[in-house]
Amino acid sequence: MLREFPQTLQNCTMGSQPVETFSVEEQRRKLDMEDATGQLERAQWVLNSPDPPGLLQELGSSVREIIFSHGNKHASSAAGQKQQSRAMKFLQGLFPILRWGRDYKVSEFKNDLMAGLTLASLSIPQSIGYANLAKLDPQYGLYTSVIPPLIYTVMGSSREIAIGPVAVVSMLLSSMIGEIQDPLADPIAYRNFVFTVTLFAGTFQAIFGLFRLGFLVDFLSHASIVGFMGGAAIVIGLQQLKGLLGIRHFTTKTDVVSVLHSAFTSIHHPWSPLNFVLGCSFLIFLLFARFIGRKNKKLFWFPAIAPLVSVILSTLIVYLTKADKHGVNIVRHIKGGLNRSSIHDLQLSGPQVGQAAKIGLISAIVALTEAIAVGRSFASIKGYHIDGNKEMLALGFMNIAGSLSSCYVATGSFSRTAVNFSAGCKTLVSNIVMAITVLVSLELFTALLYYTPTAILASIILSALPGLIDIREAYYIWKVDKLDFIACIGAFFGVLFASVEIGLLAAVTISFARILLMNAIRPGIETLGRLPRADVYCDMDQYPMAIKTPGILAVRINSALLCFANANFIRERILRWVAEELDESKESTEGRIQAVILDMSNVMNIDTAGILALEELHKELLLHGTQLAIANPKWQVIHKLRLAEFIDMIGREWVFLTVSEAVDACVSSKLTALANC
């Protein structure tokens with residue numbers, strides 16, 4: 001039994017006045033009144049929150065955030081320090097080199113110089129090989145290793161990334177553009193089309209960064225990228241059979257069936273075994289160098305210079321033995337000199353502009369995905385963060401400039417970035433050193449590459465492909481998430497047996513379908529219960545010990561958007577639960593649901609279809625004598641519910657900050673109703 005405190009206390013010895021005392025019941029009523037007052041106050045916080053920013057305000061904020069560097073919006077006013085001007089902040093946000101370049105040291109340049117020279121020794125042969133893969137003349141691969149790295153150095157934020165042509169993008173361009181423009185029939189028109197696609201790719205990348213549309217790139221999930229890269233690596237490898245076997249007539253298709261069929265049928269035509277012997281010999285050397293570099297990290301330079309050594313040795317062998325007279329295919333003429341302007345080569349009118357824009361969009365997404373993945377991987381090792389939207393802006397301007405200077409789509413290369421990192425680069429100055437070295441090679445040494453065998457270029461590309469096939473990661477995806485593995489396999493087989501664009505489409509479709517089915521069309525709906533000895537409400541399936549409050553159904557909606565795609569599903573599920581409770585409690589009113597509480601803490605936004613579904617739910621519940629309550633609605637949600645006058649429909653007293661407060665209010669209302677009866 002509750003015992004009362006004494007009615008009076010003795011006066012204090014210091015002559016103080018008598019202290020008024022309260023009974024336990026009076027104290028409890030006082031605390032209940034304070035709790036009720038606090039609950040009402042917190043509910044008013046929810047109901048009277050300010051209006052969220054409009055679309056134009058959000059867009060302006062996004063532009064400011066991408067242009068200006070991160071940090072406090074208001075510069076600190078430390079004593080003795082002059083506040084940075086807004087113009088300088090703008091320039092430093094757009095050109096990060098202005099920020100880190102001020103503190104650049106001579107000791108860092110020594111590291112960057114060695115890293116840049118090592119990087120160039122790998123970049124020169126790879127660039128020639130990737131240009132060959134893109135069905136372009138060799139010099140265009142070298143051009144792409146000059147201008148884009150210089151632009152990225154000024155605008156990029158990753159310290160280790162190595163910019164230039166890559167295998168996947170080169171193969172993508174040759175496969176997609178080759179269906180529109182034949183590189184053999186009209187190589188000049190094909191080259192101009194590539195420049196036009198590069199311009200569109202850079203424009204899309206810059207737009208993605210400026211308007212913070214990076215989520216479009218995220219539709220290519222990690223699992224999809226693993227599958228896509230694996231399939232692309234196999235297709236690229238099979239296409240190198242042309243150079244490795246010295247086959248002159250080879251299919252332009254990229255699916256594995258067409259490539260293998262072309263390879264087997266071409267064997268019956270004249271071909272030179274010397275190409276195969278030369279290519280395989282140096283391929284074994286390159287793979288051995290790769291193995292040594294992985295076993296001993298101190299010998300990182302060995303696999304880095306192995307491609308250049310292979311080019312020099314094979315060129316000498318062909319020149320000294322006159323092997324080109326005996327069927328060995330060689331590169332022949334490589335045009336030297338600086339990048340020439342390609343402004344007048346761009347095809348911005350005509351019936352093929354739409355096709356160029358489409359290929360540019362696909363190339364932009366693939367290039368962005370690879371560059372950001374590479375940049376973030378090495379940034380996490382060094383312990384710093386790169387802004388994906390700023391990276392998109394830098395890559396976009398880099399490719400726009402490249403399209404105007406005879407370059408094709410460039411991005412970050414994982415293999416060359418790994419070499420740059422292992423060589424001890426400190427800043428992006430290593431890219432400048434690499435670009436200058438390539439430029440010097442274009443001016444002075446291109447004539448020496450006349451006798452370079454094409455089989456060596458095929459070997460260099462083949463030696464770089466194992467890094468694209470990640471079997472361990474595919475197994476990890478299978479072990480952790482089977483649905484993710486379906487996206488991985490879909491992208492893999494799409495690239496392997498159809499085409500690059502089909503593989504990308506399959507990956508995006510599967511990922512998007514998963515989002516729709518699991519999170520939008522059929523979102524998770526949890527019934528909540530209170531954990532014992534706690535004031536926390538959790539999913540009763542995950543926590544079986546959670547206690548359900550009699551007569552109250554607390555539901556959490558696990559979807560970021562309550563919209564036309566899922567609103568009716570959520571409404572019908574709740575009504576079915578209410579109907580089931582009614583069927584179970586026909587003889588007794590104890591179990592009848594008298595209140596439904598919607599925990600909307602996970603719902604970020606709502607559309608008109610979602611509001612209409614809530615209105616219909618409210619009306620249906622009233623027919624069953626059940627009250628609807630809302631807990632913890634987010635900013636956009638409560639704003640739209642106020643505008644739609646839904647809050648007035650259910651009553652402002654039925655909106656709460658937490659599920660716990662909503663349950664307490666519903667229980668109090670239930671007790672009051674019983675007392676009145």
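In this structure a side-chain-to-backbone donor-acceptor pair under 3.5 Å is present from Ser262 to Thr251. Between the side chain of Thr454 and the backbone N or O of Ile330, no donor-acceptor pair lies under 3.5 Å. Within the 3.5 Å criterion, the main-chain N or O of Gly116 finds no donor-acceptor partner in the side chain of Ser430. A donor-acceptor pair is defined here as one N or O able to donate and one able to accept, closer than 3.5 Å; no such pair exists between the side chain of Ser499 and the backbone of Val495. Under the 3.5 Å distance criterion, the side-chain polar atoms of Asn192 are left unmatched by any main-chain donor or acceptor of Pro187. In this structure, the side chain of Ser123 does not engage the main chain of Leu119 through any donor-acceptor pair within 3.5 Å. Here the side chain of Ser459 pairs a donor or acceptor atom with the backbone of Gly279 at under 3.5 angstrom. A donor-acceptor distance shorter than 3.5 angstrom exists from the side chain of Ser342 to the backbone of Ser406, with no hydrogens or angles considered. For the pair Asn275 (side chain) and Gly327 (backbone), a donor-acceptor distance under 3.5 Å is present. Counting only distance, with no hydrogens or angles, the side chain of Asn329 and the backbone of Leu244 share no donor-acceptor pair below 3.5 Å.
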Check the pair Leu173, Ser363 against side chain to side chain contact (heavy atoms under 4.5 Å, CB included), reporting the backbone distance first and the verdict last. CA-CA 8 Å; Leu173 292 175; Ser363 303; 3.5 Å; yes
Can you check side chain to side chain contact (heavy atoms under 4.5 Å, CB included) on Leu368 and Phe208, steps first, answer last? CA-CA 10 Å; Leu368 283 176; Phe208 291 165; 3.5 Å; yes
For side chain to side chain contact (heavy atoms under 4.5 Å, CB included), just list the numbers for Leu172 and Val366, CA-CA rounded to whole Å, side-chain angles, deciding distance to a tenth of an Å, and then say yes or no. CA-CA 9 Å; Leu172 187 149; Val366 173; 3.8 Å; yes
Check the pair Ile386 / Tyr384 against side chain to side chain contact (heavy atoms under 4.5 Å, CB included), numbers first and verdict last. CA-CA 7 Å; Ile386 63 172; Tyr384 69 95; 3.5 Å; yes
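At least one side-chain heavy atom of Gln126 sits less than 4.5 Å from a side-chain heavy atom of Arg416. Residues Tyr152 and Leu428 are in side-chain contact: their nearest non-hydrogen atoms beyond the backbone lie under 4.5 Å apart. In this structure the side chain of Gln181 reaches within 4.5 angstrom of the side chain of Asp186, judged on heavy atoms. Taking the side chain as every heavy atom from C-beta outward, Ile362 and Val500 never approach each other to under 4.5 Å. For the pair Asn339 and Cys407, the minimum side-chain heavy-atom distance is below 4.5 Å. Residues Ile460 and Val311 meet the side-chain proximity criterion, which asks for heavy atoms closer than 4.5 Å. Looking at Leu316 and Tyr451, their side chains never come closer than 4.5 Å, going by heavy atoms from C-beta outward. Put simply, the side chain of Leu483 reaches to within 4.5 Å of the side chain of Ile486, judged on heavy atoms.
Side-chain contact check for Asn399 and Thr198: no donor-acceptor pair (N or O, by modelled atom type) lies under 3.5 Å. One side chain, Thr452 or Thr315, offers a donor N or O that lies under 3.5 Å from an acceptor on the other. Inspection of the Ser121 and Thr118 side chains reveals no N or O donor paired with an N or O acceptor under 3.5 Å. Side chains of Asp255 and Ser258: a donor on one and an acceptor on the other come within 3.5 Å. Donor-acceptor pairing under 3.5 Å is recorded for the side chains of Glu391 and Ser157.
Remark: aromatic rings of Phe195 and Tyr140 are close, center separation under 6.0 Å. Centroid-to-centroid, the aromatic rings of Tyr408 and Tyr130 stay 6.0 Å apart or farther.
Heavy atoms only, all atoms of each residue included: Lys135 and Pro183 are closest at CB-CB, 4.0 Å. Closest approach of Ala232 to Val168, counting heavy atoms only: CB-CG2, 4.3 Å. For the residue pair Ala371 and Ile161, the shortest heavy atom distance occurs at O-CD1, 3.6 Å. Contact between Pro149 and Thr144 at its shortest, heavy atoms only, is CD-O, 3.7 Å. Annotation for Gly360 and Phe204: closest pair C-CD1, 4.1 Å, computed over non-hydrogen atoms. Heavy atoms only, all atoms of each residue included: Asp484 and Ala223 are closest at O-CB, 3.3 Å.
Taking the side chain to side chain contact (heavy atoms under 4.5 Å, CB included) definition, one finds that Ser314 meets it with Phe282, Pro453, Ile456, sequence neighbours left out.
Atom-to-atom distance recorded for Leu133:CG and Gln239:CD is 6.0 Å, nearest 0.5 angstrom. Lys382 NZ to Ser158 OG: the interatomic distance, rounded to the nearest 0.5 Å, is 9.5 Å. Atom CZ of Phe228 sits about 12.5 Å away from atom SG of Cys488, to the nearest 0.5 Å. In this structure, CG in Leu404 is found 10.5 Å from CD1 in Ile147, a value given to the nearest 0.5 Å. Rounding to the nearest 0.5 Å gives a distance of 6.5 Å between NE2 of His385 and CZ of Arg376. Taken from CZ in Phe378 to CG in Asn420, the straight-line distance is 9.0 Å, to the nearest 0.5 Å.
Annotation for Ile381: atom CD1 counts as buried by contact number, over 12 foreign heavy atoms lying within 6.0 Å. More than 12 heavy atoms of other shown residues, nucleotides or ligands fall within 6.0 angstrom of atom CZ in Phe285. Around the CZ atom of Phe414, the shell of radius 6.0 Å holds no more than 12 heavy atoms that belong to other residues, nucleotides or ligands.
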Under 3.5 Å, which donor-acceptor pairs do the side chains of residues 297-307 form with other protein atoms, sequence neighbours left out?
none

List the atom pairs, with distances to 0.1 Å, where a side-chain N or O of residues 345-359 and a protein N or O form a donor-acceptor pair under 3.5 Å, not counting sequence neighbours.
from	atom 1	to	atom 2	distance (Å)
Asp345	OD2	Arg340	NH1	3.2
Asp345	OD2	Arg340	NH2	2.7

